[in-house]
Amino acid sequence: MFTTALAQREKTEQGDLPLDLFAAIETLKQELNAVILAHYYQEPDIQDIADFIGDSLQLAKAAADTNADVIVFAGVHFMAETAKILNPDKMVLLPDLNAGCSLADSCPAEAFAAFKAAHPNHLVVSYINCSADIKAMSDIICTSSNAVKIVQQIPKYQPIIFAPDRNLGRYVMEKTGRDLVLWEGSCVVHETFSEKKIVQLKIAHPQAEAIAHPECETSVLRHANFIGSTAALLKYCEQSPCQEFIVATEPGIIHQMQKRAPYKRFIPAPPLNNCACNECPFMRLNTLEKLYCVMKNRSAEIILPENIRITALRPIQRMLEMSV
Ligand code: 13P
Ligand code: SF4
């Protein structure tokens, strides 16, 4: 009964799906001269079929460098939007156009324009997890892997607004000793980790190292042996002599950690409740089936008004220049 219902749903929502989706996607990739870029938070199948997997900065660089005609972006909307800003002549597809981001949503354009107007003479450094409208109002974009480096390159006398993530902003303040004006945005996933449960895990696994993404709250970050972007966390796990890690970020990345260090143990940091809310509900909207369907139908394309695209491009290019 359930299988029939499921098959029915696939037929109506996604058409007839081939039995070997991996092979069908490979064929479409050749036909379209497409490249599949995937973030570490994507489901394992998508990570396995991607041509390139990376953190936000690596993916932005890959999007800037690709010769493909079509970019299939297995990530969230702001990431695909960044790829489109960098590649106006390419088709950019997102497996599910509803794959947004709570952090980007926490910074609406109108309210941010008023915030910016209330802080004249401030340079705006925005985390890449924001809409094209916010990027267009920014001077420099940063990601979690270059935020500290970028702020350090700005003259000390220059006041700075940092948006939209307050937790990354606080982390950058601590690392640089700079006083930043923070926009009070946050990520629902990274604010779900429980300090108490992480401490309990550390007691239960005294050999384990805790590693965390800087989008986590200070109360969690203070228990971390290492803090970094998804790519930095991955590299740290590979290189550390430690055999066990408590991972305070979206658990999709554990697929790569396990692949690169198969004999090590990775324990996902627990959320506050017994929910699965440490999984990003937006990233997880993308599935292999949807990826196949958007490639087949050339649907779910990212389209941007040209004036916004051009204005948003400048701060992204500045980031790329400042992070070589
Ligand atoms: P990274 O910059 O580490 O890829 O982070 C992206 C993100 O969305 C974290 O929530
Ligand atoms: Fe956005 Fe958080 Fe999901 Fe990253 S994990 S895409 S910041 S909601």
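Remember, it's 1-based here, ligands and their atoms both numbered in the order they're listed. Any value given below was found using the heavy atoms of this structure, including those in side chains, with hydrogens, waters and symmetry copies removed.
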Looking just at side-chain N and O atoms, do His255 and Gln47 make a donor-acceptor pair shorter than 3.5 Å?
no
Starting from the N and O atoms of ligand 1, find every protein N or O within less than 3.5 Å and list the pair with its distance.
from, atom 1, to, atom 2, distance (Å)
ligand 1, 2 (O), Ser56, OG, 3.2
ligand 1, 2 (O), Ser144, OG, 2.7
ligand 1, 3 (O), Ser144, OG, 3.1
ligand 1, 3 (O), His213, NE2, 2.9
ligand 1, 3 (O), Thr230, N, 2.8
ligand 1, 3 (O), Thr230, OG1, 2.9
ligand 1, 4 (O), His39, NE2, 2.7
ligand 1, 4 (O), Ser56, N, 2.9
ligand 1, 4 (O), Ser56, OG, 3.1
ligand 1, 4 (O), Thr230, OG1, 3.1
ligand 1, 5 (O), His213, NE2, 3.2
ligand 1, 8 (O), Asn129, ND2, 3.2
ligand 1, 10 (O), Glu215, OE1, 3.0
ligand 1, 10 (O), Glu215, OE2, 3.1

Do the charged groups of Arg318 and Glu321 touch, with an N to O distance under 4.0 Å?
no
Tell me whether Glu238 is salt-bridged to Lys235, with the criterion being a basic N under 4.0 Å from an acidic carboxylate O.
no
With 2.8 Å as the threshold, which protein atoms of type N, O or S lie near atom 2 (Fe) of ligand 2? Leave waters out.
Cys187 SG
Quick one: do Glu209 and Lys264 make a salt bridge, cutoff under 4.0 Å?
no
Besides Leu285, the hydrophobic cluster formed by Ile, Leu, Val, Met, Phe, Trp and Tyr side chains linked at under 4.5 Å, directly or via other members, contains none
Taking Arg166 first and then Glu191, would you say they form a salt bridge - that is, a charged N and a carboxylate O separated by under 4.0 Å?
yes
Val199: hydrophobic cluster co-members (side-chain, 4.5 Å):
Ile203
Does Met283 offer a backbone N or O that forms a donor-acceptor pair with the side chain of Gln42 under 3.5 Å?
yes
Aromatic plane relationship, Phe266 with Phe245 - under 30° parallel, 30 to 60° tilted, over 60° perpendicular:
parallel
